[in-house]
2 protein chains.
Amino acid sequence: MTTTARERLMSAAVDAFAEKGFAATTTRDIASRAGMSPAAVYVHHDSKESLFFQVSLSGHRETLELVEKSAARTDEPVERLRGLIYDFSLWHARNSRVGRIVQYEFNALTPEHRTEIGDYRRRIERVVRDVLADGVAVGAFDVDDLGGTARALLSLGVDLVRWYSPEAGSRTPEAMATLHASLAVRMVHKG
Amino acid sequence: MTTTARERLMSAAVDAFAEKGFAATTTRDIASRAGMSPAAVYVHHDSKESLFFQVSLSGHRETLELVEKSAARTDEPVERLRGLIYDFSLWHARNSRVGRIVQYEFNALTPEHRTEIGDYRRRIERVVRDVLADGVAVGAFDVDDLGGTARALLSLGVDLVRWYSPEAGSRTPEAMATLHASLAVRMVHKG
DNA sequence: GTCTATAAATTGATAGAC
DNA sequence: GTCTATCAATTTATAGAC
């Protein structure tokens with residue numbers, strides 16, 4: 001298990017950005033967390049924003065992959081939605097530091113990077129909307145506003161990163177995910 | 001309708017902080033939005049953080065007052081919860097700029113101010129938990145995890161400030177609030 | 001690829017005149 | 001209570017030696 005300088009840098013950036021936010025994080029801070037000099041950062045990345053973009057991109061890719069796999073696991077609408085929200089909230093509970101960067105620092109990206117990341121967000125949302133639409137089509141779900149409800153379901157997991165920490169110990173990530181999955185099903189289940 | 005310099009300053013600060021976040025906002029930016037010189041800011045506030053604290057405090061006070069009034073309006077559990085979530089989400093939809101500051105910039109506060117604001121947050125959460133507990137007590141609601149569910153209900157409104165803008169026009173604040181209120185009732189209603 | 005040293009710009013905040 | 005001018009510190013990023 002060797003770690004490259006580049007990996008140490010990414011990990012240091014995740015810690016710093018999650019803790020202080022993009023704007024309040026200095027390149028010196030990132031460098032020192034990675035055990036490097038301030039100048040060494042620029043061997044691996046052109047700018048602070050490009051380092052940030054790498055973190056944000058990998059977080060969004062992971063999330064999209066996660067929800068796509070989850071939605072492909074079954075066709076039964078209720079268990080499909082339950083699994084999807086369980087997995088989404090579980091990821092945000094377990095990875096609240098990366099999640100904070102992914103969800104809250106969108107505006108720190110350059111316009112070009114914003115377009116690219118925005119596409120990932122639309123695709124994630126689309127998976128949820130499709131799961132809802134399928135459930136409605138077969139008469140399992142009762143949903144008025146597909147887009148609004150999809151966003152509300154994602155809000156449960158997203159908002160975890162604002163306050164939840166797995167280390168705090170009052171609730172396990174699995175308990176949070178189970179709660180959210182159960183609430184999600186109640187939000188749309190027919191009858 | 002005269003506006004004092006102090007009011008112009010607060011309003012400029014809300015705009016700037018909501019748009020760029022606390023750390024990325026410069027005192028020069030706030031001053032110029034308020035039509036003042038950089039030095040004039042310090043006649044009214046000791047520091048950038050103290051100006052920010054004023055904004056955060058007034059936002060939290062407004063929110064606490066709002067939920068307390070809403071919860072006092074009726075005793076019938078379902079309509080009480082519906083009204084509470086309606087009002088909370090409506091406020092966040094209408095005031096998404098102040099809401100962004102209130103919800104996302106907690107860590108920018110000094111430790112003393114964090115304690116003070118943290119108290120408002122606990123009181124807001126408490127109102128929701130009490131409304132749920134009352135509904136459970138009279139057999140109207142079915143809730144496993146009171147605290148977790150209360151937080152999930154608030155998450156619907158809170159997460160609006162991350163993406164919603166009343167100017168965008170795809171949904172009115174009232175439509176968002178109605179949707180959230182209806183989802184909230186389904187999340188906890190018995191049977 | 002790493003370092004030390006430093007450039008160039010920006011920042012929060014203050015001094016002092018009016 | 002507002003301004004102009006400026007300080008002192010900090011920041012992103014680069015130059016050049018090893």
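Naming convention: chains lettered A, B, ... in sequence-line order (proteins, then strands); numbering from 1 in each chain.
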> Which whole-number value in Å describes the distance from B:K20 NZ to C:dT10 P?
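My rounded result for the distance is 12 Å.
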
> At under 4.0 Å, does any side-chain N or O of B:H44 touch on OP1 or OP2 of D:dT2?
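Yes, B:H44 has a side-chain N/O under 4.0 Å of OP1/OP2 on D:dT2.
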
> Heavy-atom distance under 4.5 Å between the side chains of B:F52 and B:S47, does that happen here?
no

> Can you see if the side chain of B:Y42 gets near the phosphate of C:dT14 - specifically, an N or O under 4.0 Å from OP1 or OP2?
no

> Nearest whole angstrom, please: distance from the P of D:dT10 to the NZ of B:K48.
15 Å

> Could you give the CD-to-P distance, from A:E49 to D:dA13, as a whole number of Å?
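Nearest whole value for this atom pair: 10 Å.
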
> Given salt bridge (Lys or Arg N to Asp or Glu O under 4.0 Å), test B:E79 with B:R82 step by step and report yes or no.
CA-CA 5 Å; B:E79 290 319 307; B:R82 189 190 304 279; 3.2 Å; yes

> Any heavy-atom pair between the side chains of B:L84 and B:S70 that's under 4.5 Å?
yes

> Nearest to the side chain of A:A39, heavy atoms from C-beta on, is which of C:dT2, C:dA13, C:dA5?
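The answer is C:dA5, which lies nearest to the side chain.
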
> What is the separation between atom CE on A:M36 and atom P on D:dA13, rounded to the nearest whole Å?
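Distance check: A:M36 CE to D:dA13 P gives 16 Å.
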
> May I ask you to evaluate whether B:T27 reaches the phosphate of C:dG12, defined as a side-chain N or O under 4.0 Å from OP1 or OP2?
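So the side chain of B:T27 is within the cut-off, an N or O lying under 4.0 Å from OP1 or OP2 of C:dG12.
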
> For A:R8 and C:dG1, give me the distance from atom CZ to atom P, rounded to whole Å.
12 Å

> Could you give the CZ-to-P distance, from B:F22 to C:dT11, as a whole number of Å?
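Atom-to-atom, B:F22 to C:dT11, this comes out as 14 Å.
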
> Contact class for B:A40 (heavy atom, under 4.0 Å): base, sugar-phosphate, or nothing?
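The answer is sugar-phosphate, as B:A40 gets under 4.0 Å only of primed atoms, P, OP1 or OP2.
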
> Give a yes or no on whether the backbone of A:L146 and the side-chain of A:R129 come within a donor-acceptor separation of less than 3.5 Å.
no

> Classify the side-chain pair B:R61/B:Y120 by whether it contains a donor and acceptor separated by less than 3.5 Å.
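There is such a pair (donor and acceptor under 3.5 Å, judged by atom type) between the side chains of B:R61 and B:Y120.
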
> Considering every strand and a 4.0 Å limit on heavy-atom distances, what is the contact class for A:T4: base, sugar-phosphate, or nothing?
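Nothing: the residue A:T4, judged by heavy atoms under 4.0 Å, touches no strand.
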
> Starting at atom CG of B:D46, determine the distance to atom P of C:dA13, rounded to an integer number of angstrom.
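From B:D46 CG to C:dA13 P: 9 Å.
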
> Which of these nucleotides, D:dT2, C:dC3, C:dG12, is closest to any side-chain atom of B:T26?
C:dG12

> Whole-Å distance between C:dA13 P and B:F52 CZ?
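The distance from CZ of B:F52 to P of C:dA13 comes to 14 Å, rounded to the nearest Å.
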
